[in-house]
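All remarks here apply to the structure that follows.
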Protein chains: 2
Amino acid sequence: MSRTAIRMIEMLRLIPREPRRISVGALGERLATLGHPTSARTIQRDLNTLSAHFPLVCDDRDHPYGWSWSRHAQARSLPGMDTPTALTFCMAETYLRDMLPASVVELMQPHFRQARETLEAAGNGLLAWEDKVRILPRHPPLLPPEVDPERMARVYEGLLRGRRLEVRYRPRSGEERAYYLSPQGLALRDAVIYLVASHRDYDDVVMFALHRFTAVTLTDEPARHLAGFDLDAWIARGGFDAHENDAPVGLVARFDADVGRHLLETPLSERQTVREAGDGRLEVTAPVKDTHQLRWWLRAFGPQVEVLEPAHLRREMAEAAEREARLYRRPRPEAG
Amino acid sequence: MSRTAIRMIEMLRLIPREPRRISVGALGERLATLGHPTSARTIQRDLNTLSAHFPLVCDDRDHPYGWSWSRHAQARSLPGMDTPTALTFCMAETYLRDMLPASVVELMQPHFRQARETLEAAGNGLLAWEDKVRILPRHPPLLPPEVDPERMARVYEGLLRGRRLEVRYRPRSGEERAYYLSPQGLALRDAVIYLVASHRDYDDVVMFALHRFTAVTLTDEPARHLAGFDLDAWIARGGFDAHENDAPVGLVARFDADVGRHLLETPLSERQTVREAGDGRLEVTAPVKDTHQLRWWLRAFGPQVEVLEPAHLRREMAEAAEREARLYRRPRPEAG
DNA sequence: GTCGCTGCGACACGAACTGTCGCATGCCGG
DNA sequence: CCGGCATGCGACAGTTCGTGTCGCAGCGAC
């Protein structure tokens, strides 16, 4: 019963977005495997019917014709999006624009468009949500590097399907070079996406910034599986000079009252405790990982935090402050 | 032609997710306004047909029955999700978990589930994407506060539809109190969501952290529209003690080579220039906004950055460093 | 109880969905 | 240049199945 409607929905999900395309023949095969065997003629008819209701485009420049969703079509999700979800999508978009290259965020664009559409339908058009929502980030917006969407897609495919990649890579300094990579993982830091991969038959693993690839070809060759490789362990060993140290240390630090207060809202850990120190400051105690990020975050408070424990961290912070102060005691260097 | 299939798709989008429900009658009305008038009997039949293919649930505890999508149903988007997009969704989820309260991220969960499903179908199951993607955040993960999803939804509705809210609010310190709020905007900072609103007939605008509402009722009363109110201006005037200053200043700063290098990848501004200073450091010049966040970000580099221009910022940084160094020259206070 | 609403089985009519056939068109190889 | 092959599409006929209507039953409310 109602095979038609279900088949059409399935069909709409099988049709890709515009740069890519699918032929009637291919659709027929995929539908058959999904349990909707039907004749090619019927599929042709269905496509014509659907294109009257959805932004489907048919590229008839060569045979067989290629069907796609319009490049500009927004997503339509089943079930439809409710307004709280739509607002969350819009907030997420704002965040992600600072965190990911534009072409990556672009991939989610059809969903963000759907969210905006939902909001416009919900609110009385005049009061646009855009005037109503603001995000105050902690750091100034850094501009994510530009990543070529085609190449990015091929890198992702290679990683997910376990295929080798033939690439050309231009390091930050030095000559462009060809590599034959077995993808092992993906890592993000500071809006830069890195492919973690091994070259040819070497066992060591290197990282490549996605935006510095100048050519990427996806091969059918299965990628080498490095037996003992573990992305977390690799990062911890310093793959990103991140030197994650999993051992939690007991942080004790005094924050000036005004800045420390936000730690009451967004605690460092579930086991965090805060007490009023005698000197008007807030003393925060929490088990945290002893990482680079911790230092980064603590230093950002400048003189508004004083680390008490652990001793080695207090010493580090003291030295850093001392060196920084010395920096400014010297005469200002001549700007270039 | 093919009215049926289109109507069914429309129907699937009108059915809400499980806590909410829709009756056959209501569906009929909504469908009619969308240009699909049909009899109630047909809708009943359609629902039965669809529930064989989609996770629809029918709550038959009372009449009229209420239809919903299962609480656990993943989203299905038209067109379907391709793997690069799916991977982006998964990365986005990881980011957002640090940025937004759990219950807010929860709203996007059906979409993330769809993304994971897509990835599992794409890769050969064994090599799960979760072992392959890592995100290295700059700051230690702060735990976003818990927000009640119901209250959050009502706050969003009030904001978007311009309705007043009757709320109870428990400030960080002090007594719980009742307010009658006209929502003016939403602001996010540090994983905390703030409603910016005016109370009763007062013209001044106050902020309320979403997670500190203890009760929220959405009324039908239209919200007061504050004539000259502008969220950006309000933030700039110090609504968040953010003191945004729109005037860009010419930042000149020297970064240690290793840390400064990442600015080549993720520049501060499109008009940023970088040159090798004589002393082995990188001198970065860029027009940036003179904000709190800028200071926060610069301080995080500690002694690895020296601000040269503008003069007032150099002075500030110098003073902060000096005060921080003094902090650590004193004997360590006794931890509590 | 009785009225009204709602769900649902049954039924009959007709719309429209489907496979088949045949022709036209375009591409490719000989 | 020509014939074979693949693809798109109009036409047609059979029949499936989608639809409105009707009637009955269960459930609440008054």
Side-chain angles (χ1 to χ4, degrees), chain A residues 1-16 18-70 78, chain B residues 1-16 18-70 78:
Chain A
M1 62 297 271
S2 185
R3 308 174 352 270
T4 315
I6 307 297
R7 188 186 57 232
M8 282 190 175
I9 295 176
E10 218 70 69
M11 208 180 294
L12 286 172
R13 304 199 68 206
L14 288 176
I15 299 171
E18 196 161 347
R20 299 174 57 210
R21 29 178 289 174
I22 190 168
S23 71
V24 169
L27 260 178
E29 284 175 36
R30 313 264 328 248
L31 281 174
T33 68
L34 286 170
H36 297 281
T38 189
S39 74
R41 186 70 188 95
T42 297
I43 295 176
Q44 287 172 9
R45 273 191 289 246
D46 287 349
L47 284 168
N48 282 317
T49 305
L50 287 173
S51 63
H53 298 269
F54 296 94
L56 299 183
V57 294
C58 176
D59 176 3
D60 55 3
R61 283 172 307 182
D62 52 357
H63 284 223
Y65 293 180
W67 287 85
S68 341
W69 282 78
S70 157
L78 307 179
Chain B
M1 64 300 266
S2 183
R3 315 180 336 278
T4 314
I6 308 297
R7 187 188 58 232
M8 282 191 176
I9 294 176
E10 219 70 69
M11 208 179 297
L12 286 172
R13 305 200 67 207
L14 287 176
I15 299 172
E18 194 160 348
R20 299 174 58 209
R21 32 179 288 174
I22 190 169
S23 71
V24 169
L27 260 176
E29 283 176 38
R30 311 263 330 245
L31 281 173
T33 67
L34 286 169
H36 298 281
T38 188
S39 74
R41 185 69 187 96
T42 298
I43 295 177
Q44 287 172 11
R45 272 191 290 245
D46 287 349
L47 284 169
N48 282 317
T49 306
L50 288 173
S51 61
H53 298 267
F54 297 93
L56 299 184
V57 293
C58 177
D59 176 3
D60 55 2
R61 284 172 305 182
D62 54 356
H63 286 225
Y65 293 1
W67 287 85
S68 341
W69 282 79
S70 157
L78 306 179

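In what follows, every chain begins at residue 1, and chains take the letters A, B, ... in the order their sequences are listed.
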Separation of [N] [atom2] from [X] [atom1] (nearest whole Å):
{"X": "B:Ile43", "N": "D:dG20", "atom1": "CD1", "atom2": "C1'", "result": "13 Å"}
{"X": "B:Leu47", "N": "D:dG18", "atom1": "CG", "atom2": "P", "result": "14 Å"}
{"X": "A:Gln44", "N": "D:dA11", "atom1": "CD", "atom2": "P", "result": "15 Å"}
{"X": "A:Met11", "N": "C:dC17", "atom1": "CE", "atom2": "P", "result": "12 Å"}
{"X": "A:Tyr65", "N": "C:dT25", "atom1": "OH", "atom2": "P", "result": "11 Å"}
{"X": "A:Asn48", "N": "C:dA16", "atom1": "CG", "atom2": "P", "result": "17 Å"}
{"X": "A:Asp60", "N": "D:dG8", "atom1": "CG", "atom2": "P", "result": "10 Å"}
{"X": "B:Arg61", "N": "D:dG28", "atom1": "CZ", "atom2": "P", "result": "13 Å"}

Measuring from atom [atom1] of [X] to atom [atom2] of [Y], what distance do you get when rounded to the nearest 0.5 angstrom?
{"X": "B:Ile9", "Y": "A:Leu78", "atom1": "CD1", "atom2": "CG", "answer": "7.5 Å"}
{"X": "B:Met11", "Y": "B:Leu50", "atom1": "CE", "atom2": "CG", "answer": "6.5 Å"}
{"X": "A:Leu34", "Y": "A:Ile6", "atom1": "CG", "atom2": "CD1", "answer": "12.5 Å"}
{"X": "A:Leu47", "Y": "A:Met8", "atom1": "CG", "atom2": "CE", "answer": "9.0 Å"}

Check side chain to side chain donor-acceptor pair (under 3.5 Å) between [X] and all other residues, then give those that pass, not counting sequence neighbours.
{"X": "B:Arg13", "result": "none"}
{"X": "A:Asp60", "result": "none"}
{"X": "B:Arg45", "result": "none"}

Task: Residue pairs, two or more places apart or on separate chains, that pass side chain to side chain donor-acceptor pair (under 3.5 Å) and touch residues 24-43 of chain B - done: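 The answer is B:Ser39-B:Thr42, B:Arg41-B:Gln44.
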
TODO: Taking the side chain as every heavy atom from C-beta outward, state whether B:Ile15 and B:Phe54 have any pair of such atoms under 4.5 Å apart.
DONE: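 Sidechains of B:Phe54 and B:Ile15: no contact.
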
- [ ] Could you pick out which residue, A:Asp62 or B:Pro64, lies toward the 5' side of DNA chain C when each is mapped onto its nearest nucleotide?
- [x]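 Result: B:Pro64.
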
Task: For DNA chain C, the residues among residues 19-30 of chain A that have a non-hydrogen atom under 4.0 Å from it - done: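 Those residues: none at all.
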
Provide a list of protein-nucleic acid N or O atom pairs under 3.5 angstrom, restricted to nucleotides 18-21 of chain C.
| unit_1 | atom_1 | unit_2 | atom_2 | d |
| --- | --- | --- | --- | --- |
| C:dT18 | OP1 | A:Thr4 | OG1 | 3.3 |
| C:dT18 | OP1 | A:Arg7 | NH1 | 2.8 |
| C:dT18 | OP1 | A:Arg7 | NH2 | 2.6 |
| C:dT18 | OP2 | A:Arg7 | NH2 | 3.0 |
| C:dG19 | OP2 | A:Thr38 | OG1 | 3.1 |
| C:dG19 | OP2 | A:Ser39 | N | 3.3 |
| C:dG19 | OP2 | A:Ser39 | OG | 2.8 |
| C:dG19 | OP2 | A:Thr42 | OG1 | 2.5 |
| C:dG19 | N7 | A:Arg45 | NH2 | 2.8 |
| C:dG19 | O6 | A:Arg45 | NH1 | 2.9 |
| C:dG19 | O6 | A:Arg45 | NH2 | 3.4 |

